[in-house]
K.L.:
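There's a structure below that I have some questions on.
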Protein chains: 2
Amino acid sequence: MPTNKPTAESPAEPTAKRKPQVSASPERRRELLDTAAEVFAAQGYNATTVRKIADAAGMLAGSLYYHFDSKESMLDEILSAFLTELWQGYDTVLAAGLGPRETIEALVTESFREIDRHRAAVAIYQKESRHLSAQPRFHYLSDSQQKFEKAWLGTLERGVAAKVFRADLDIRLTYRFVRDTVWVAASWYRPGGQHSPEEIARQYLSMVLDGIAVRS
Amino acid sequence: MPTNKPTAESPAEPTAKRKPQVSASPERRRELLDTAAEVFAAQGYNATTVRKIADAAGMLAGSLYYHFDSKESMLDEILSAFLTELWQGYDTVLAAGLGPRETIEALVTESFREIDRHRAAVAIYQKESRHLSAQPRFHYLSDSQQKFEKAWLGTLERGVAAKVFRADLDIRLTYRFVRDTVWVAASWYRPGGQHSPEEIARQYLSMVLDGIAVRS
DNA sequence: TAACCTACCAAACACTTGTTAGGGAAGTGT
DNA sequence: ACACTTCCCTAACAAGTGTTTGGTAGGTTA
């Protein structure tokens, strides 16, 4: 109300800018993030233009910037939301004090549930996390991966010590084996298919634990 | 056979054009394709600019077009060269008339040898094949994947019929399981590491066939 | 010597990219 | 009636993209 300064370069202007970006309706935001995640997962992050996302959302490219301040922010939010929920589930399992085999079973089952609920995010994570984690903004991806390795590798080691897992296998190889076989499933899994996440988990566990060969 | 693109429309022009693109020294060509594959694998195809490739090759962006007629051609040549060699190995195995278990073992071993020799190409294939195969130019990726499924799935079915593989598992799940566990290894495998391809294959086969649990 | 070929450079081209600025329609509260 | 907010559009921007064109140093051949 006092003296207005239309001249450029006004130094201290606390006037509220035009972008809410976090305070607005969170449902629309989540809606847009879901469609963005779908496009990212289908085409790859770099191959996805903001215009394609806008197309899929039924609006124009510039309008996305009312909700988000960059394409990278969308990716960030998609991935961090997924990881937050993932670790919520994992931590519960790890704190339950189960035996090694039961822990592996619970982790695998939990993973397939996450794939079921965050299929797109998992697919993006799998494709892009390697070169994203070099960027400082996405360094939490590396952190998560380290926690991940610690949890799985530790459980496997416990299992070997307790003689419930074989001791004649390279345990790092085993870790990568189990980890990869679980997460790549996101590339072909479709929610609402023939098998429930729990059923897929059961079959995967049966294969990983007992093998596909007939026992003699 | 490499993808030949004569790009007709030039009826009979005695004046020699300026681009060899296939007839020139093939070693330099292969050299450039190798560095390009490395960058593609590290950064992703779409995130890789021709200037980055040129940088890695120690030349300028435009100079690449003396050897290749497009960025896409480089990708095409990398992938088709890999697949050609892969199927050479696979067909030999499949024609050997081995039993189901021995066929699986040979296929897995052959796969890890290919990963050893074409690590970059495999990584690219894994990341990009899904959305590339939609493009007509890369339709041979779909063809290859179908042949792939036929070979593996058929062998697994033979094994179930011969009672060397378990019959209580969903065979399509098993197929995807085995397939994925093999090829994702390209994302972490580094030639010259601790384990030879054959050693990795041995461990993988041991896990897949017999499981990681201790027999009771 | 001259002609020629190979393998590259320098500089630009047309287009796409993520992003921004200003505006406006529809709804809500007063 | 008015102001205000929400959510989107129109139209543009600068930077980066794949690609082309013309040129040229250096070697090979005649």
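Naming convention: chains lettered A, B, ... in sequence-line order (proteins, then strands); numbering from 1 in each chain.
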K.L.:
What is the distance, to the nearest angstrom, from the CD atom on A/Gln43 to the P atom on C/dT16?
P.N.:
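Computing the A/Gln43:CD to C/dT16:P distance gives 16 Å.
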K.L.:
In residues 48-63 of chain A, what residues come within less than 4.0 Å of DNA chain D, judged by heavy atoms?
P.N.:
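When residues 48-63 of chain A is checked for heavy atoms under 4.0 Å from DNA chain D, the hits, listed by number, are A/Met59, A/Leu60, A/Ser63.
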K.L.:
In whole angstroms, how far is the C1' atom of D/dT6 from the CG atom of A/Leu32?
P.N.:
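The answer, rounded to whole Å, is 14 Å.
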K.L.:
According to the interplanar angle, ranging from 0 to 90°, do the rings of A/Phe177 and B/Phe177 count as parallel (below 30°), tilted (30 to 60°) or perpendicular (above 60°)?
P.N.:
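Perpendicular: the ring planes of A/Phe177 and B/Phe177 meet at over 60°.
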K.L.:
Nearest-Å distance, CZ (A/Phe68) to C1' (D/dC7)?
P.N.:
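Distance check: A/Phe68 CZ to D/dC7 C1' gives 13 Å.
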K.L.:
Is the phosphate of D/dT6 approached by A/Arg28 (side-chain N or O, under 4.0 Å from OP1 or OP2)?
P.N.:
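Negative; the distance criterion is not met.
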K.L.:
Could you tell me whether the phosphate oxygens of C/dA7, OP1 or OP2, come under 4.0 Å of any side-chain nitrogen or oxygen in B/Tyr66?
P.N.:
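For C/dA7, OP1/OP2 do have a side-chain N/O of B/Tyr66 under 4.0 Å.
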K.L.:
What integer distance in Å separates B/Asn46:CG from C/dT17:P?
P.N.:
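So the two atoms are 10 Å apart, to the nearest Å.
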K.L.:
Does a side chain donor of either A/Arg179 or A/Thr174 reach within less than 3.5 Å of an acceptor in the other side chain?
P.N.:
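Side-chain D/A pair, A/Arg179 to A/Thr174: absent.
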K.L.:
For the backbone of B/Asp76 and the side chain of B/Ser80, can you confirm whether one donor and one acceptor N or O come within less than 3.5 Å of each other?
P.N.:
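Here the side-chain-to-backbone pair exists.
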K.L.:
Scan for salt bridge (Lys or Arg N to Asp or Glu O under 4.0 Å) pairs involving residues 38-56 of chain B, sequence neighbours excluded, and state none if there are none.
P.N.:
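As it turns out, the salt bridge (Lys or Arg N to Asp or Glu O under 4.0 Å) pairs with a partner in residues 38-56 of chain B, which skip direct neighbours, are B/Glu38-B/Arg119.
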K.L.:
Can you name the residues that form a side chain to side chain donor-acceptor pair (under 3.5 Å) with B/Tyr90, not counting sequence neighbours?
P.N.:
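B/Tyr90: side chain to side chain donor-acceptor pair (under 3.5 Å) contacts with B/Ser111.
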K.L.:
Would you work out how much the helix from C/dT1-D/dA30 to C/dG29-D/dC2 bends between its ends, with each end axis defined by five base pairs, to 10 degrees?
P.N.:
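Inter-axis angle at the ends, rounded: 10°.
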K.L.:
If you look only at distance, which donor and acceptor atoms sit under 3.5 Å apart when one is on a side chain in residues 185-200 of chain A and the other is two or more places apart or in another chain?
P.N.:
| unit_1 | atom_1 | unit_2 | atom_2 | d |
| --- | --- | --- | --- | --- |
| A/Ser187 | OG | A/Val184 | O | 2.6 |
| A/Trp188 | NE1 | B/Asp180 | OD2 | 3.4 |
| A/Tyr189 | OH | A/Asp116 | OD1 | 2.7 |
| A/His195 | NE2 | B/Asp170 | OD2 | 2.9 |
| A/Ser196 | OG | A/Glu199 | N | 3.1 |
| A/Glu198 | OE2 | A/Arg113 | NE | 2.7 |
| A/Glu199 | OE1 | A/Arg202 | NE | 3.4 |
| A/Glu199 | OE2 | A/Gln203 | NE2 | 3.2 |

K.L.:
Quick check on D/dT19: is either OP1 or OP2 less than 4.0 Å from any side-chain nitrogen or oxygen of B/Tyr65?
P.N.:
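For D/dT19, OP1 or OP2 has a side-chain N or O of B/Tyr65 closer than 4.0 Å.
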K.L.:
Partners of B/Ser129 by side-chain contact (heavy atoms from CB on, under 4.5 Å), sequence neighbours excluded?
P.N.:
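Listed in chain order: B/Tyr125, B/Leu141.
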K.L.:
For the side chain of B/His67, counting heavy atoms from C-beta on, which of D/dT19, C/dC8, C/dT19 is nearest?
P.N.:
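Looking only at side-chain atoms, B/His67 lies closest to C/dC8.
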K.L.:
Rounded off to whole Å, could you give me the OH-to-P distance for the B/Tyr45 and D/dT17 pair?
P.N.:
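Whole-Å distance recorded here is 13 Å.
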K.L.:
Under the side-chain contact (heavy atoms from CB on, under 4.5 Å) test, which residues partner A/Ala57, sequence neighbours left out?
P.N.:
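Result, side-chain contact (heavy atoms from CB on, under 4.5 Å) vs A/Ala57: A/Leu32, A/Thr35, A/Met59.
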K.L.:
B/Glu105: which residues meet the side chain to side chain donor-acceptor pair (under 3.5 Å) condition with it, sequence neighbours left out?
P.N.:
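Here the qualifying residues are B/Arg101.
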K.L.:
For A/Lys71 and D/dG16, what is the distance between atoms NZ and P respectively, to the nearest whole Å?
P.N.:
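Atom NZ in A/Lys71 sits about 15 Å away from atom P in D/dG16.
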K.L.:
Anything under 3.5 Å between a protein N or O and an N or O of nucleotides 27-29 of chain D, put it in a table, one pair a line.
P.N.:
none

K.L.:
For A/Leu98, check side-chain contact (heavy atoms from CB on, under 4.5 Å) against everything at least two apart and list the hits.
P.N.:
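So A/Leu98 forms a side-chain contact (heavy atoms from CB on, under 4.5 Å) with A/Ala96, A/Glu102, A/Thr103, A/Ala106.
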K.L.:
Would you be so kind as to tabulate the donor-acceptor pairs closer than 3.5 Å made by side chains of residues 142-157 of chain B, with sequence neighbours excluded?
P.N.:
| unit_1 | atom_1 | unit_2 | atom_2 | d |
| --- | --- | --- | --- | --- |
| B/Ser144 | OG | B/Trp87 | NE1 | 2.9 |
| B/Glu149 | OE2 | B/Arg172 | NH2 | 2.2 |
| B/Thr155 | OG1 | B/Ala151 | O | 2.7 |

K.L.:
For B/Arg28, give me all partners under salt bridge (charged side-chain N to carboxylate O under 4.0 Å, His left out), at least two apart in sequence or on another chain.
P.N.:
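Expected list: B/Glu31.
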K.L.:
Measure the distance from CG on A/Asp69 to P on C/dT19 and round it to the nearest whole Å.
P.N.:
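My rounded result for the distance is 8 Å.
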K.L.:
Without decimals, in angstroms, what is the distance between B/Leu64 CG and C/dA7 P?
P.N.:
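After rounding, the gap between these two atoms is 14 Å.
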